[in-house]
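Everything below concerns the one structure shown next.
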Amino acid sequence: MKNKQPHLLLQIALPVPFRRYFHYIFPDNEIWEGLQCGARVRVPFGTRELVGIFMGFVEYSDVPTDKLKPALALLDDNPLISKEIIELCLWACDYYHHPIGDVLLNSLPVLLRQGNPVPTLQEVYWRLTKLGDAVELNLLKRAPRQKTLLGYFKQNPLDISETQLRLLGVSKKNIALLQEKKWIEMGVVQNSPIDRQVLKENQSLILNEAQQVAVSAIVAARDTFQVFLLDGVTGSGKTEVYLQVIADVLKNRKQVLVLVPEIGLTPQTIQRFRERFAVPVIAFHSNLSEKERLNAWYLAHTGEARIVIGTRSAVFSSLPDLGLIIVDEEHDLSFKQQDNFRYHARDLAIMRAHFKKIPIILGSATPALETLYKAQQGKFVHLLLPNRAGDAELPLFSVLDIRNKSLEEGLSQPIIDEMRLHLKRGEQVMLFLNRRGFAPILMCHACGWMALCKRCDMRMTFHKQTQRLHCHHCDLQARLPLQCESCHDKNMQLVGVGTERLEQVLQKNFPEYSVARIDRDSTQRKGSMETLLDAIQKGDHQILIGTQMLAKGHHFPNVTLVTIVDADGGFFSGDFRALERMGQLLLQVAGRAGRVEKKGKVIIQTHHPDHPLLHQLFHGSYRQFATTILQERAATALPPHSFFALFRAEAYQLEHAMDFLKEVKILFQPTDKEMQLLGPIPAPMPKRAGRYRVQLLLQASQRPVLQNFLKGSLLQIEKIRLKQKVRWSLDVDPVEMF
Ligand code: ADP
Ligand code: ZN
Ligand code: ZN
């Protein structure tokens, strides 16, 4: 009998915060004969029952034999987590020092983590009939949903599963209506999806030379591990490169994984892939219900879905025939998970491509310095798209010195004049201000007292919409004080400009035009972002104000003027990455200006018009800008010229957090001169939501030095007594230092 070795113990990964496996007795029961690595099992754990993953057999346990319990149930005949995903998870667990059970179970949809069965294999498939094929779509004008559905069948020559139709948002009712008319019929699955026709009709654009070079290079790397940095300004046609490489991968019967930033996973993005390819495309986005998420997982896991688009967690999707990974906007911060399991999806995607021996494309107009550095070292292939595709031109930049200029709520007169010019021509203008709310400071005019959050000691922002003060760090809200809390003077002033205030001043200055504001507050309701974007595309609004939500991905062809209201924020941050971030954000915003038909203009308001980095950014190139910053990082031995890991601790009493990290530091006495420990010191944001925050920075000149060091000492932390009083975490390769 296969695997029947009752003297062996089961090694199980469980979703608990311990860095180890748990041992259970192998039940003496036929059901367990087919047990395979990656299958789910149900086991007793304390007073609870947990679902875990079977990881292999062991002969001995450090738990006394009479304390060991038998496993309760085997939930899967086939492994749910493939060897490939297990390999990736083991690597991630090792590198980020996160408990293995948590990492493995996180790769599954919640319903499977809870122990629910995988969806049934008896899928219902639908296909077009001859009668349906003969129907003119144009005659269905008055039944738009039926028209869309029939159109979808006409484009897909083969059977479509009901699950796929549901994922496309088709209702059961409409399927039934088409069936009643005998336009579609129920079928059984005949052709495997990989035999599907790949391209819909030939919609590919004729590539320019740089695009051609890129596509050829990536296609030539088929079935080998190779990292490509596709470095091209906004509008240079990176997406077209992705699409043409994908076409090749699909023809070779492989699946494609596309990772996008949280903000980039819009219906338009998904549509662009669905329009081009006649294969099932699924998207993992935050609006999916758990049931839909399970179905999407299942379609990817069985190979039914050929293109999977998703945000960072999609890097763990089960894809048996994976042939290509794309990370779009690879510099984006949302690829880094900032709590609990602190992984970087871009870096894991590279490891996944490495294990699977396939190419991976990192695309960006403003690559992360880490990525650029690897390209400079020759570890990544650097592919450049230096110009905008087609006939579109790059926008014209001008830096506007606002020192000593009078500003009306943050806006200078030249900006107002320029706006009027563009608006009169019937064009749209966009203003970028990365500060939501009305005013970021409420200050006493008599004594200078400022309203601070009681839980964070940080300034609170006044929001006009709610007429309250909001803390942007912990979401605490408070009433507007009628008088100063320090000197009781009643003259309280709102200082500074947020998006709400900008909206107000623009409405006053341009009463004949409509203003749209896009920030987290104005897009809170589900679907409101889409509605706003639609209205902007239709031209209902002429003046657009936005925070960084507006900076990424969206395409506004009629915007010809972009104003960066305040370019000074990044110059004075404590985070050594602030300048890099600021440059990336400013260029991303600028990239919204004038794409195909109209040349755009970008105006940057600043108090530092002579800052050399601003010049390099706007009159040179991102690469010059990046090279300068990289040189500074080299001189100061900061990443990517060294490697960081950050211990964070939070506690209601400062000493607890401080003493805890002091003990950690003692545990970690480095023997290697290549290794430095800095701290513990209060975090740049020393208090949040009532907890004091302290950090201890580990810095090493080589990655392996840091890793060996952590491996040797991490388990000891479990023994520190103060552990009960603090919340602590370890962040390997932190992207934010707060
Ligand atoms: P990016 O992803 O780099 O921002 P896109 O791929 O979205 O750029 O391309 C920007 C615009 O240029 C799109 O409207 C696209 O259709 C067009 N485009 C891309 N490649 C070409 C090409 N080779 N010829 C003509 N137009 C192109
Ligand atoms: Zn006062
Ligand atoms: Zn707060």
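One-based numbering along the sequence shown. All ligand and atom numbering here is 1-based and tracks the order in the structure.
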* Asked: Which is it for Gln211 and ligand 1 at heavy atoms under 4.0 Å: side chain, backbone, both or neither?
  -> side chain
* Under a 4.0 Å heavy-atom limit, does Thr239 contact ligand 1 with its side chain, its backbone, both, or neither? ->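 For Thr239, backbone and side-chain atoms both sit under 4.0 Å from ligand 1.
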Numbered atoms and elements of ligand 1 in range of [X], under 4.0 angstrom, heavy atoms:
X: Gly237; value: 1 (P), 3 (O), 5 (P), 6 (O), 8 (O), 9 (O), 19 (C)
X: Ile206; value: 22 (C), 23 (N), 24 (N)
X: Asn208; value: 23 (N)

* Give a yes or no on whether a salt bridge exists between Glu262 and Arg312, defined as a side-chain N under 4.0 angstrom from a carboxylate O. =>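 A salt bridge links Glu262 with Arg312.
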* Structure fact -> Output field for angle at the Zn ion (ligand 3), Cys471.SG vs Cys453.SG, rounded to 10°, should show 110°
* Calculate the angle formed at the Zn ion (ligand 3) by SG in Cys474 and SG in Cys456; 10° precision is enough. =>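 SG of Cys474, the Zn ion (ligand 3) and SG of Cys456 span an angle of about 100°.
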* To do: Determine whether more than 12 heavy atoms belonging to other residues, nucleotides or ligands lie under 6.0 Å from atom CZ of Arg342.
  => yes
* Asked: Taking everything shown except Arg455 itself, do over 12 heavy atoms lie less than 6.0 Å from its CZ?
  -> yes
* To do: Would you give the angle at the Zn ion (ligand 2) between Cys484 atom SG and Cys444 atom SG, to the nearest 10°?
  => 110°
* To do: On the 0 to 90° scale, with breaks at 30° and 60°, tag the Phe397-Phe618 ring pair as parallel, tilted or perpendicular.
  =>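 Tilted.
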* Specify whether Phe647 and Trp728 have parallel, tilted or perpendicular ring planes, treating 30° as the upper limit for parallel and 60° as the lower limit for perpendicular. => tilted
* Sort out for me which residue in Gln588, Glu330, Gln584, Glu580 forms a side-chain hydrogen bond (donor to acceptor under 3.5 Å, both in side chains) with Thr366. => Gln588
* Asked: For the Zn ion (ligand 2), does an N/O/S atom of His445 lie at less than 2.8 Å?
  ->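 His445 does not place any N, O or S atom closer than 2.8 Å to the Zn ion (ligand 2).
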* Work out whether the distance between some heavy atom of Arg272 and some atom of ligand 1 is less than 4.0 Å. =>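 Under 4.0 Å: yes for Arg272.
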* Asked: Would you say Ser236 touches ligand 1, if touching means a heavy atom closer than 4.0 Å?
  ->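 Yes, Ser236 has a heavy atom closer than 4.0 Å to ligand 1.
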* Would you check the N or O atoms of Gly235, main chain and side chain alike, for any that come under 3.5 Å of an N or O of ligand 1? => yes
* To do: Among Leu579, Leu613, Leu617, find the one that has a side chain to side chain contact (heavy atoms under 4.5 Å, CB included) with Thr628.
  =>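 Only match with Thr628 under side chain to side chain contact (heavy atoms under 4.5 Å, CB included): Leu613.
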* Apply the salt bridge (Lys or Arg N to Asp or Glu O under 4.0 Å) test between Arg435 and each candidate in Asp521, Asp566, Asp568; give the one that qualifies. =>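 With Arg435 as partner, salt bridge (Lys or Arg N to Asp or Glu O under 4.0 Å) holds for just one option, Asp566.
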